[in-house]
There are 2 protein chains.
Amino acid sequence: METYKTLLKQKGLKATGQRALMLKTIEEDGHIDIDALKEKMQAVSPNISLNTIYLNLEQLSNEEVISKVSLNNQKSVYEITKHTHAHLVCKICGSIEDEPVDLNLLTAMKEGAIASSFKPSFVAVNIYGICSRCENNQTNKEKK
Amino acid sequence: METYKTLLKQKGLKATGQRALMLKTIEEDGHIDIDALKEKMQAVSPNISLNTIYLNLEQLSNEEVISKVSLNNQKSVYEITKHTHAHLVCKICGSIEDEPVDLNLLTAMKEGAIASSFKPSFVAVNIYGICSRCENNQTNKEKK
DNA sequence: CTCTGTGCAAAGCGTTTGCAAACGA
DNA sequence: TCGTTTGCAAACGCTTTGCACAGAG
């Protein structure tokens with residue numbers, strides 16, 4: 001918990017219990033949406049308000065401590081910022097897995113952007129499809 | 001306009017004027033959000049309801065005629081479906097440009113997903129950064 | 001001690017829903 | 001004609017705002 005507080009101070013934000021808990025909860029979960037975040041945080045500290053969660057998500061995003069992942073047709077999720085991965089998003093169950101991405105691929109894409117005189121900051125890659133679990137379920141249904 | 005109606009029929013949807021106008025408007029604009037879409041459509045045909053726009057966006061997305069592009073911190077936009085490009089999203093002015101992406105890169109990323117026994121359908125790549133216009137503006141300000 | 005951060009309640013806004021009339025096939 | 005689509009209005013839910021109190025530096 002102290003690690004989180006140190007990080008917060010480094011970013012120029014006050015090290016409140018709510019913020020530290022928020023980082024801890026996000027890190028433990030991997031990818032979490034607002035509802036789940038609220039529930040997990042309130043399980044620890046019942047009277048944290050949604051308002052506080054929204055405000056802090058925004059501030060921590062601004063400091064790039066966490067990243068917002070916007071998805072088609074489902075709620076945004078938040079994660080601790082890490083740049084070199086893609087998200088495998090299941091169109092059926094909505095699960096999200098991280099997938100390491102070769103840095104060379106990301107670099108190649110950034111270079112394409114630079115060629116268009118665009119100054120890239122970060123690359124978000126979402127791969128939509130069907131996860132193995134849902135794929136198996138579908139196959140089973142067809143057999144019946 | 002007839003081209004759009006033919007396309008709609010191919011997809012098993014009734015070829016209404018609203019739907020054809022919607023496809024035309026999206027195609028002309030490239031990337032359009034709901035408000036702009038509503039305004040442009042109502043400029044042609046004033047009493048189209050927002051409801052209709054929402055419903056048709058959903059149906060056309062389901063048929064993959066159009067694609068929804070979900071972005072961090074700004075409204076989603078819609079475009080005619082085309083798979084092999086990335087979006088350059090300016091964090092300052094919000095502008096969106098298309099950027100051709102080498103098919104090999106996309107294939108490489110899909111293969112990474114398949115290695116995780118995930119069945120990829122399509123890859124969404126958003127590159128966030130600063131467009132040349134905003135970059136120039138910032139530089140100018142600093143000089144003053 | 002000062003100023004940021006928090007909690008609670010209310011307001012705001014984008015999206016969805018319900019239903020009767022209009023329209024395409 | 002029949003089922004789908006549309007328009008209008010109301011309902012809904014997520015997010016933001018306002019303000020007084022609490023807490024960090």
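Below, chain A is the first sequence line, B the second, and so on; all start at residue 1.
Grouped with A:I114 in a hydrophobic cluster is no other residue, since no side-chain heavy-atom contact under 4.5 Å to another Ile, Leu, Val, Met, Phe, Trp or Tyr is found.
In this structure, A:E58 atom CD and D:dT16 atom C1' are separated by 10 Å, rounded to whole Å. In this entry the distance linking CG of A:L50 with C1' of C:dA9 reads 13 Å, nearest Å. Here D:dT6 presents its C1' atom at 16 Å from NZ of B:K38, a figure rounded to the nearest Å. D:dG7 atom C1' lies 11 Å from atom CD1 of B:I53, rounded to whole Å.
In this structure, A:E79 and A:D98 have side chains that are in contact, with non-hydrogen atoms separated by less than 4.5 Å. A 4.5 Å side-chain heavy-atom check between B:H87 and B:E99 finds every atom pair outside the cut-off. Between A:I48 and A:L21 the shortest side-chain heavy-atom distance falls below 4.5 Å. With contacts defined as side-chain heavy-atom distances shorter than 4.5 Å, the pair B:P100/B:T84 does not qualify.
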Atom pairs, N/O to N/O, protein against nucleotides 9-12 of chain D, distance under 3.5 Å?
none

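Residue B:D35 is out of contact with every strand shown, counting any heavy-atom pair closer than 4.0 Å. Residue contacts shown for B:L55 include a base, since a base heavy atom lies under 4.0 Å away.
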Completion exercise
B/S/- along nucleotides 20-25 of chain D (protein heavy atoms under 4.0 Å) is ---BBS
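The end-to-end axis angle of the helix from C:dC1-D:dG25 to C:dA25-D:dT1, rounded to 10 degrees and based on five pairs per end, is 50°.
Within a 6.0 Å sphere centred on NZ of B:K24, heavy atoms belonging to other residues, nucleotides or ligands number 12 at most.
Looking only at atom types and distance, the side chain of A:T52 has no donor-acceptor partner in the side chain of A:Q18 under 3.5 Å away. Side-chain contact, B:T3 with B:T6: no donor N or O sits under 3.5 Å from an acceptor N or O.
Regarding contacts with the backbone of D:dT5, every side-chain N or O of B:T52 stays at 4.0 angstrom or more from both OP1 and OP2.
Using the six-membered ring where Trp is involved, B:F122 and A:Y128 have ring planes that are parallel, under 30° apart on the 30 and 60° scheme.
Using a 4.0 Å cut-off on heavy atoms, none of the residues of residues 18-33 of chain B approach DNA chain C.
Identified under the salt bridge (Lys or Arg N to Asp or Glu O under 4.0 Å) test for residues 106-117 of chain A, with sequence neighbours left out: none.
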